[in-house]
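These values consider heavy atoms only, across backbone and side chains, with no hydrogens, waters or symmetry-generated copies.
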Amino acid sequence: MGVPVLIEEDVHDRLARAAALAGWVLNRIDPLARVTHVAPAAALRSSTYLGWRTRDEHLAKPNTIEMSMSVPDPLVVKLQPPVRPRQILLHQVPDLVDDLIAMLRRAYRR
């Protein structure tokens, strides 16, 4: 419905599922926790032609969009500092995802 956009809530949900899966896989392949740190990042490929909106913003104006012409492809965002304790993938996924979403939103809306 309307112009093609990235819906922030959908990206958020997918990042949360990906982070949870990464934590599960890491625990499965390294049950002794020898890997002590991780470097979470998020990347969007082939999406530079899309706008970025919340679901409510898109429902309010589904046929118009403001797009940034400076979004790189791929768009990669990394936390600062990039390396975090492994436990972030188990106990701090909501905060991790919120930080990555904020960086992606900022890149699309500058």
Side-chain angles (χ1 to χ4, degrees):
M1 160 169 117
V3 294
V5 295
L6 289 170
I7 301 294
E8 183 172 317
E9 293 87 349
D10 294 341
V11 177
H12 186 282
D13 291 346
R14 289 182 184 197
L15 275 177
R17 284 187 286 157
L21 176 63
W24 180 85
V25 168
L26 189 55
N27 283 337
R28 180 85 172 167
I29 64 174
D30 183 26
L32 300 178
R34 290 185 177 136
V35 174
T36 60
H37 289 76
V38 295
L44 295 174
R45 294 182 149 284
S46 303
S47 60
T48 58
Y49 67 94
L50 300 171
W52 179 280
R53 286 187 166 168
T54 65
R55 187 168 282 112
D56 289 341
E57 289 171 338
H58 190 59
L59 290 173
K61 295 182 181 180
N63 296 313
T64 61
I65 189 69
E66 292 179 24
M67 294 173 38
S68 173
M69 300 308 270
S70 61
V71 178
D73 187 22
L75 171 60
V76 179
V77 294
K78 303 172 190 171
L79 300 174
Q80 291 300 324
V83 177
R84 303 292 170 98
R86 171 185 179 155
Q87 299 300 50
I88 194 172
L89 295 175
L90 295 175
H91 306 298
Q92 296 175 336
V93 169
D95 294 334
L96 167 67
V97 172
D98 287 346
D99 290 345
L100 292 171
I101 286 291
M103 289 187 283
L104 290 169
R105 180 188 319 116
R106 196 172 312 123
Y108 267 89
R109 292 191 170 174
R110 53 178 144 139

- Message: Show, in sequence, the C-alpha distance, side-chain angles and deciding distance for I88 and V38, and conclude whether the side chain to side chain contact (heavy atoms under 4.5 Å, CB included) test is met.
- Response: CA-CA 8 Å; I88 194 172; V38 295; 3.9 Å; yes

Could you pull out every donor-acceptor pair under 3.5 Å between side chains of residues 100-108 and any protein atom, sequence neighbours left out?
{"residue": "R105", "atom": "NE", "partner": "E8", "partner atom": "OE1", "Å": "2.9"}
{"residue": "R105", "atom": "NE", "partner": "E8", "partner atom": "OE2", "Å": "3.4"}
{"residue": "R105", "atom": "NH2", "partner": "E8", "partner atom": "OE2", "Å": "2.7"}
{"residue": "Y108", "atom": "OH", "partner": "S47", "partner atom": "O", "Å": "3.0"}
{"residue": "Y108", "atom": "OH", "partner": "S47", "partner atom": "OG", "Å": "2.7"}

For P82 and P40, the nearest pair of non-hydrogen atoms, with its separation, is O-CD, 3.7 Å

So CG of L96 and CG of L79: to nearest 0.5 Å the spacing works out to 6.0 Å

One should read off an interatomic distance between E66 CD and R53 CZ, to the nearest 0.5 angstrom, of 8.0 Å

Rounded to the nearest 0.5 Å, the NZ atom of K78 sits from the CD atom of Q80 at a distance of 8.5 Å

Residue set satisfying side chain to side chain donor-acceptor pair (under 3.5 Å) with R17, at least two apart, ordered chain then number -> none

CD (Q92) and CG (L90) are apart, to the nearest 0.5 Å, by 10.0 Å

Item to complete: Return yes when atom CZ of R55 has more than 12 non-hydrogen atoms of other residues, nucleotides or ligands closer than 6.0 Å, and no otherwise.
Response: yes

Kindly say whether R34 contributes a backbone atom to a donor-acceptor pair with the side chain of D30 at under 3.5 angstrom? yes

With sequence neighbours left out, the residues meeting side-chain contact (heavy atoms from CB on, under 4.5 Å) with D73 are R45, S46, T48

Between the CG atom in D99 and the CZ atom in R84, the distance rounded to the nearest 0.5 Å is 6.5 Å

